[in-house]
Amino acid sequence: MTPSLERDDGQFKIRVMKGLSLTPLQLVSVLVGIGGLFALPDIARITESVPIRARPIYRGMVLGLTAVGLNLLLRHADLTSFGHAAFFGTGAYTVAVLMQFYGIQSISLLIPLAAVSATLVAAFIGYFTLPHEGLYFALVTLAFGQLLYSIPRGITELGGTEGLN
């Protein structure tokens, strides 16, 4: 669905997605707020006089993006996914393996590689799960989630049940 203009209660609103229409001022406020959240860790590094811890900010942003993805599935697509964390874990393990075994330390390289690996896994899983609906979709995503959970546990080079340090 593409954004479209609509008139509601005498105001022009931009329809962002099904069930979400914003006035231009609200849309600009949301975009500025999201940009501010992404800039907050950099601001924390610059302002040393105000102690802002960057790690909880990063963790909150990552978990927030995961929650947004789950919200899109549950609210807008009416699909219950039990394997949603598989993509989160795929990206995390990609970064951990690249850092530990290949010595890559560049965050500007690690983040895109994590996104690409998670996208490839999502495309593979999506090929098998998208034909299903309702309970069957939930069960197939649960099965793939458990499969991706058990893969690193069975590989001793990845730390087995202890995981990577």
Side-chain angles (χ1 to χ4, degrees), residues 1-99 104-135 137-138 140-142 144-145 148-149:
M1 170 184 289
T2 60
S4 61
L5 291 174
E6 59 184 36
R7 190 168 179 88
D8 185 26
D9 296 331
Q11 291 183 332
F12 283 109
K13 292 192 173 184
I14 300 167
R15 183 177 176 174
V16 180
M17 65 178 64
K18 179 182 172 185
L20 180 62
S21 298
L22 301 173
T23 64
L25 180 61
Q26 289 173 331
L27 183 62
V28 168
S29 299
V30 166
L31 293 175
V32 167
I34 291 171
L37 285 175
F38 280 102
L40 194 58
D42 295 325
I43 294 169
R45 280 193 210 120
I46 294 171
T47 60
E48 292 181 11
S49 61
V50 179
I52 300 175
R53 295 187 161 221
R55 187 178 199 127
I57 295 169
Y58 287 133
R59 183 172 294 186
M61 287 171 47
V62 168
L63 294 175
L65 286 173
T66 304
V68 167
L70 190 57
N71 178 40
L72 286 173
L73 275 176
L74 286 172
R75 183 174 181 203
H76 299 291
D78 292 329
L79 296 172
T80 304
S81 172
F82 290 113
H84 194 72
F87 313 119
F88 182 79
T90 300
Y93 259 95
T94 299
V95 169
V97 165
L98 289 174
M99 287 180 74
I104 298 174
Q105 298 293 323
S106 171
I107 195 77
S108 60
L109 184 61
L110 289 171
I111 289 178
L113 288 174
V116 166
S117 68
T119 302
L120 289 174
V121 169
F124 177 77
I125 292 173
Y127 178 78
F128 294 106
T129 57
L130 285 179
H132 304 289
E133 292 180 0
L135 178 64
F137 179 84
V140 171
T141 58
L142 178 64
F144 274 112
L148 288 177
Y149 168 75

**Asked** Which residues satisfy the ring pair (Phe, Tyr, Trp, His ring centres under 6.0 Å) test with Phe124, sequence neighbours excluded?
**Response** Phe128
**Asked** By side-chain contact (heavy atoms from CB on, under 4.5 Å), which residues pair with Val121, not counting sequence neighbours?
**Response** Phe87, Thr90, Ile125, Leu148
**Request:** Working to the nearest 0.5 Å, report the span between CG of Leu98 and CD of Gln105.
**Result:** 10.5 Å
**Fill in**
Residues at least two apart in sequence or cross-chain that pass side-chain contact (heavy atoms from CB on, under 4.5 Å) with Ser108, listed by chain then number, are Ser106
**Complete:** Rounded to the nearest 0.5 angstrom, the OG1-CZ distance for Thr129 and Phe137 is 4.5 Å
Below 3.5 Å, can you tabulate the donor-acceptor pairs from side chains in residues 61-68 to any protein atom, sequence neighbours excluded?
| from | atom 1 | to | atom 2 | distance (Å) |
| --- | --- | --- | --- | --- |
| Thr66 | OG1 | Val62 | O | 3.0 |

Residues 110-120, side-chain donor-acceptor partners within the protein, below 3.5 Å, at least two apart:
| from | atom 1 | to | atom 2 | distance (Å) |
| --- | --- | --- | --- | --- |
| Ser117 | OG | Thr94 | OG1 | 2.7 |
| Ser117 | OG | Leu113 | O | 3.4 |
| Ser117 | OG | Ala114 | O | 2.9 |
| Thr119 | OG1 | Ala115 | O | 2.6 |

**Request:** Taking Thr141 for its side chain and Phe82 for its backbone only, find out whether a donor-acceptor pair lies under 3.5 Å.
**Result:** yes
**Item:** Spacing of Leu74 atom CG and Thr80 atom OG1 [to the nearest 0.5 Å]
**Value:** 5.5 Å
**Item:** Atom pair CG/NE2 of Leu72 and His84 - distance to nearest 0.5 Å
**Value:** 8.5 Å
**Message:** Holding to side-chain contact (heavy atoms from CB on, under 4.5 Å), I want the full list of residues that pass it with Leu27, two or more places apart in sequence or in another chain.
**Reply:** Ile14, Val16, Leu22, Leu31
**Item:** Where Gly145 and Ala86 come nearest, the two heavy atoms and their spacing
**Value:** CA-CB, 4.3 Å
**Prompt:** Hey, is CD on Gln26 packed in by over 12 heavy atoms from elsewhere, all under 6.0 Å?
**Reply:** yes
